[in-house]
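Worksheet: the structure to be examined is printed underneath.
Below, each value reflects all heavy atoms present in this structure, side chains not excepted, and no hydrogens, waters or symmetry copies.
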Amino acid sequence: MGAAEAPALAAAPAAGGGVGGEPLERRVMAAVKASEARGDPPLLRAVEISRLVAGEPGAGVPSADLAGILVSNLCFAHNSPSLWKLLDQAMSSRLLCPLHVLALLTARVLPQRRAQPEAYRLYLELLKGNVTSSSLSLLAGSNRDKITKSIDAALQLSKSYGVSGTDFGHVVILFVLIVITKLIDSVLEDCGISSGMTQDQESVYPIEGPQPMDMDVKGVSAVKQNEQREQLRRRNTVMALEVLHIMAADTKIQAFLRLICLNMPDKFSVLSQRLTLIEAHKMALERLLPTSHKIDDLVMYIWRVSNLDYQPNNKRLVGVLGNLRSSNSMLGQLTGAGRAACWIIFDIYMENAMDGRHLGGISAIEIIKEMSKTAQAINEASWQETFKALWISALRLVQRAREPLEGPIPHLDTRLCMLLALIPLAIAAILKEETDACGAEGNKSLPRRLGLVSSLQDLVQYSGLLVPPSSLVNVANAAASKAAIFRANCKVVGGNPSMIGQSDSSTKAVGNMLHLIVEACISRNLIDTTAYLWPGYVVLPGHSKDTSLPQESPWVNFMQGAPLSDPLKNALIATPASSVAELDKLYHIALNGSEQEKSAAAKIVCGASLVRGWNIQEHVVRMVVKLLSPPLPSDSSLQGSMSHYLSQKSTLNAILLGVSYVDAVHIFSLYGMVPDVAAALMPLCEAFGSMPPPSNHRSTIVDETSVYSVFSCAFLCLLRLWKFYKPPQEYCLAGRGGSVSTGSFDEVPTQPIYIDSFPKLRAWYIQNQACIASTLSGLGNTNPVHQVANKILSMICRKMTKSGVVSGNLSSASSSSVSGSSLSTSDDSYQRPTLPAWEFLEAVPYVLEAVLTACYHGRISSRDMTTSLRDLVDFLPASLAAIVSYFSAEITRGIWKAVPMNGTEWPSPGAALHSIEDEVKEILASAGVQIHSCYPRGVPPMLPLPMAALVSLTITFKLDRSLDYIHGIIGQALENCAGGSSWPSMPIIGALWTQKVRRWHDFIVLSCIRSPFGRDKDAVAQLIQSCFSSFLRSSPSSGSDITASRGVGALMGESITGHQGLHFPMAPGFIYLRTCRTFHDTYFVSEMILRQVIDCSHKLANGWSSNGPPHLKSGRPPLSGAASMASQVAMLGAGLLCVAGGPLLVQVLYEETLPTLLLSAQEQMLEDPGPVASTLQGYAMANMLFFCGSLLWGSEKTSPIMKLSFLSRRPRVVGTHMDFIAGVLDGHILLGCDPGTWKAYVSCFVFLVVKFVPTWLRDIKLDTLKKIAVGLRSWHEHDLALSLLERGGPKTISAVVETLLQ
């Protein structure tokens, strides 16, 4: 092959790139030959050539044109040793760019290595001497751009890798990838192993080439020469492996490969395929190559690159703290909370999820899944530890309410739902991710599934947590007996589980919570029935135990075709279904049965199967939502009419009443089905609210199904989910948009449903917002609405004893005045308005304004007003929505006088008021919070008029299960109104309700403890401080076990109730979780939590310093123990902050609270903290900030459902904070904190982000990352600075390359 044919192998650079073109090449080669003839040394030849190149217009050093000329002549027109020496000298003197020359040679020499072994050998020598040095660097300028384009053309980077606009950084790393890949291919093929390249990959297989290099071989025969060249080829293969070994072991090359793995994983897969091929032919390569150990090293080095976990330099990280990620042995040396504290976030989330006042729109399954993955990564724990921590936290959750409070709050069923349904489903999702990634084969031996089995087996030792509540004893015994039967039958058939039947039903066993957990896992195929054979799983009853045999389920009769008689219906309502087949049959009856059967099926599906059918609960939840959306009939004549809704009236009413049950509503929320239920309720409200009631309609609060009753139940349930009745400031803080999105709890919501699609509902919503925003007199007058309001007034005021109290003309100038003649008390003398519910609701605010104003001016008594409001609710229960909304707004405005609750006109709380206030003070004092009395003795308590009217109305309702949809509104409305008022009214409300329902006493007292925190910042500060102090409190009798009665136990409490009522002392963490949504000043909360984290770290540092003399290191525990404890305190702070304010408060922490604290003067943090304390403070702050973000935004790829909620804020929030860090490091922002605190904070925060959430860095600006990297390098954190840039995405590749080549 001649010189003219060389471009066929690789595009040669423009040989005459200067003005001279071809003349330059001729002059260069002429000068080379002349120098060679004179016998000049290579250095003089290089100088002579540099003079020729320097004379060319636009020429620079290093020269792209000269490299092209020399390489094109070497390959292979003038292939001589002297020219190779000249090339080497030109590279050494930087006349040529080594990277450029090596790239040109790679494209030309490798395919010719068999025909040109001498050239291949010299190429390998050049590669060995230059590829791992800093000589690959190239200063920016026009020459670099030209050389970059030449390398791109020679190696066909743009074509092979699809990289457009290739910059210098990309060229370097892709050059390294190509060289390593092609050298591996060369070694494999020279050993007779096919490299397995695809058709679009360029082969390096040797082809016939030009004549061999012109060597001095006089006196050597052709046969001898061929033997020598064959030996050279074999030595070249060994040397190629040696060069590969050198490259793979070099830290710079590893960094280049890691950049490819991080930013171009599909390109790195090409190299991974080669490694797999090497491992497959390892034995053959070891026989052929003498340095076989280098093969193992080569594979190890490159596989190590693909492990993207950042491993810090333990001696450098944050100075004196050493290895902050302490091992398990170090955790045992801690002086505060034990290993359980690493998982405190599980306990915080689960207990917080039990607050029935907060109904979330995201599935707890998704939240637990993401939180588990994040906690597992942050704690660097095994999946066995992670799953075990989940089970332990959920068992603690159940034990905390073994004897639940009586009242309209979620009870034990909801806590059991968390343990026996939501956690197994979350674990199933975690296992599915692993199965999808690894394939279905061998899924029983995958690490996560094995971790689940081990975690369940470990639970046997926690007997105290496994004791079932009294209501679950029989259920647990039945589950244990099932395992005992299986075990007995297994012995009969010789240990073959596949041959086991259920023949012996008389076997009895003692059950506990573990048996229920295992059944929940088996029902979802997480484990199999071999769990029944675990040692110690089956415990037979002793002689003193009376373990009753499980009774036959009524579902057996139902599946056998028994009719739904009343006894069977009641039994099915009380007994949860056990299989999906039973649910399917019930669903078929609910759709296709008779009217009576449909109603019965609806009541059954909303019974025990919904609240206690844990093994099939997710299916029941979906079924209920389907039943709320009745399918349209096939008869087209009914399309578009209301007939299909009316035909389903009884079924819908039964479903709505079942959904309104307090535990049921909360269960829907935990499954993330609130948007779906709301989407199903909106068309029901629109349809039934547009139908008029019958002319003889008198009351809805009776055992009948009417248009008004279905509408009221659907409408109040919708408001309960969406909380339109909140006072203005709370609505602004927690309000939602004007749309909902539907989708299963394990699917991405894809069907947004807007309120604009329902004109009647939208009109009410707009009117309701207007009433909240301004007084009614500011609204426009519409005469038809006033006429309806007059009719309603005539109806509800018919029994008033005073004259002149009913408005006969609300359209007068003063619409709030009440005047006119008295009415007869005869029921037949007035006309009830038989209007559609939407028209009725539109007039209710005007009625309320008239009645309230009349009472204010004394024209009607308080008793008459309460009676009239009750009559209004009896007629249309949905009116309660307007009543609550209107009174809430008026209470918040604070324009009404207070009325005495003296028992004369308004009900009196009596002695119960001071009793409740004393109990509240006692409970809070036990948690470390001191408050003052609001009601001095001897002075009658008072309430604002709207509040007095609302509470007087609410205590008139009976406590009936059928009125749960009303109680669900009024209970939270009263608390919201009390929170929206500056008047301390909650204790009065509690006292009045205690007098009405004495068995709710404990529940009411717990509700009243929220009141002080809404108006007293000092109480909030005391509570936060108490949470941290209880968490750090140690118990001498406690070990480091996960269930130790300290840390988590002291913070969250082991029980809410005791034998004599509420349990004392009350845990501060439990109180915090029940009151944190009443904290109005969330900025204050954020600052207080952060300061507590700093203060605790200061105490930990002082405690470490005082445990031994500084010169005697053995006299005190390692500092890493204090650092680990500070990390756990930071996790606590992150959990408390997230539940108090969610995404908004985390954003405030990132953008305002923490930067402000760092900019503050040192004395505002802690006076003279000392070097150890200041470093530990920075470490704790970094951990808290990181934990808040990771808990909210996840550690890796977050599920689409989570992304829809708040993930979109992350890039801006984190980017803003990183800009702040970069500004300080760049010197543009001056700090006020201790320099040691700042250094520890920045180093630790960057370390945590790089190690655990590197995906965050892709959204950070390149300039910001560069500034932070420069600052880290100034602290000698070179590895951390490099890792930061490496994970910044493709935009940082050039910065990393230039940093490495410096």
Which pair of heavy atoms, one from Leu359 and one from Val665, lies closest together, and at what distance?
CD1-CG1, 3.6 Å

Backbone N or O of Cys1008 within a donor-acceptor pair of the Ser1011 side chain at under 3.5 Å?
no

Do Phe1028 and Val1093 come within less than 4.5 Å of each other through their side chains, counting heavy atoms only?
yes

Side-chain touch Ser579/Ile616, heavy atoms, less than 4.5 angstrom
no

With sequence neighbours excluded, what pairs up with His515 under the ring pair (Phe, Tyr, Trp, His ring centres under 6.0 Å) test?
Tyr537

Hey, what's the ring geometry for Trp1000 with His967, parallel, tilted or perpendicular (30° and 60° as the breaks)?
perpendicular

Is the shortest distance from a Lys or Arg side-chain nitrogen in Arg524 or Glu519 to a carboxylate oxygen in the other one below 4.0 Å?
no

Between the main-chain N or O of Leu390 and the side-chain N or O of Ser393, is there a donor-acceptor pair closer than 3.5 Å?
no

Pairwise distance CZ(Arg612) to CG(Leu420) - rounded to 0.5 angstrom
12.5 Å

Do the non-hydrogen side-chain atoms of Cys521 and Leu456 ever get within less than 4.5 Å of each other?
yes

Sorted by chain and residue number, the ring pair (Phe, Tyr, Trp, His ring centres under 6.0 Å) partners of Tyr532 (sequence neighbours excluded) come out as Phe486

For Asp355, enumerate each residue passing the salt bridge (Lys or Arg N to Asp or Glu O under 4.0 Å) test, keeping only those at least two apart in sequence or located in another chain.
Arg357, Arg1077

Looking only at non-hydrogen atoms, find the nearest pair between Ile368 and Ala426 and report the distance.
CG2-CB, 3.7 Å

Do Glu434 and Arg449 sit within salt-bridge range, that is, some charged N less than 4.0 Å from a carboxylate O?
no

Closest non-hydrogen contact found for Ile1056 with Met1066 is O-CE, 4.4 Å

If we count only N and O atoms by modelled type, under 3.5 Å, do the side chains of Asp458 and Gln384 hold a donor and an acceptor together?
yes

Between CD1 on residue Ile1089 and CG on residue Leu1145, distance to nearest 0.5 Å
7.0 Å

Can you check whether Tyr661 and Phe668 have ring centres sitting under 6.0 Å from each other?
no

I'd like to know whether Cys1027 forms a side chain to side chain contact (heavy atoms under 4.5 Å, CB included) with Leu1051, so could you lay out the CA-CA distance, the side-chain angles of the two residues, the decisive distance to 0.1 Å, and finally the verdict.
CA-CA 6 Å; Cys1027 287; Leu1051 173 71; 3.8 Å; yes

Could you tell me whether a side-chain N or O of Asn379 sits under 3.5 Å from a main-chain N or O of Ala381, the two making a donor and an acceptor?
no

With rounding to the nearest 0.5 Å, note down the distance linking CE in Met354 to CG in Leu1073.
11.5 Å

Does Thr386 use its side chain to pair, donor to acceptor, with the backbone of Ser382 at less than 3.5 Å?
yes

I'd like to know if Glu366 pairs up with Lys369 as an ion pair, taking the criterion as any Lys NZ or Arg NE/NH1/NH2 lying under 4.0 Å from an Asp or Glu carboxylate oxygen.
yes

I'd like to check Met350 versus Leu419 (side-chain heavy atoms, cut-off strictly below 4.5 Å). Are they in contact?
no

Can any side-chain N or O of Gln457 pair as donor or acceptor with the backbone N or O of Trp534 at less than 3.5 Å?
no

Ignoring hydrogens and angles, tell me if any N or O in the side chain of Asn1183 forms a donor-acceptor pair with the backbone of Ser1127 under 3.5 Å.
no

When rounded to the nearest 0.5 Å, the distance separating CZ of Phe387 from OG of Ser454 is 10.5 Å

Could you pull out the closest heavy-atom pair between Met418 and Pro424, with the gap in Å?
O-CD, 4.5 Å

For a quick test of reading the model, state the closest non-hydrogen atom pair linking Pro1068 to Leu1023 and the distance between them.
O-CD1, 3.6 Å

Report yes or no: does Gln399 contribute a side-chain atom to a donor-acceptor pair with the main-chain N or O of Val467 at less than 3.5 Å?
yes

Could you check whether any side-chain N or O of Arg415 sits under 3.5 Å from a backbone N or O of Leu397, counting only pairs where one atom can act as donor and the other as acceptor?
yes

When rounded to the nearest 0.5 angstrom, what is the spacing between CG in Asn512 and OH in Tyr462?
14.5 Å

Value rounded to 0.5 Å, distance of OG in Ser669 from CE in Met673:
11.5 Å

Salt bridge between Arg448 and Glu433, side-chain N to carboxylate O under 4.0 Å?
yes

Using side chain to side chain contact (heavy atoms under 4.5 Å, CB included), reason through Ile430 and Gln376 one step at a time and then give a plain yes or no.
CA-CA 12 Å; Ile430 294 173; Gln376 188 264 345; over 6 Å; no

May I ask you to decide if Ile923's main-chain N or O and Ser926's side chain share a donor-acceptor pair within less than 3.5 Å?
yes

ring-ring contact (aromatic ring centres under 6.0 Å, His included) with Tyr1072: which of Phe1079, Phe1013, Phe1031?
Phe1079

Determine, for Glu1054 against Arg402, whether the closest basic-nitrogen to carboxylate-oxygen distance falls under 4.0 angstrom.
no

At their closest point, which heavy atom of Leu1149 faces which heavy atom of Ser1086, and how far apart are they?
CD1-OG, 3.9 Å

With distance as the sole test, does Ser609 use its side chain to make a donor-acceptor pair with the main-chain N or O of Ala577 at under 3.5 Å?
yes

Please report the C-alpha distance between Trp391 and Leu452 in whole Å, then the side-chain angles of each, then the deciding distance to 0.1 Å, and finally whether the side chain to side chain contact (heavy atoms under 4.5 Å, CB included) criterion is met.
CA-CA 10 Å; Trp391 296 123; Leu452 171 62; 4.0 Å; yes

Is there a side-chain contact between Val398 and Leu472 (heavy atoms, below 4.5 Å)?
no

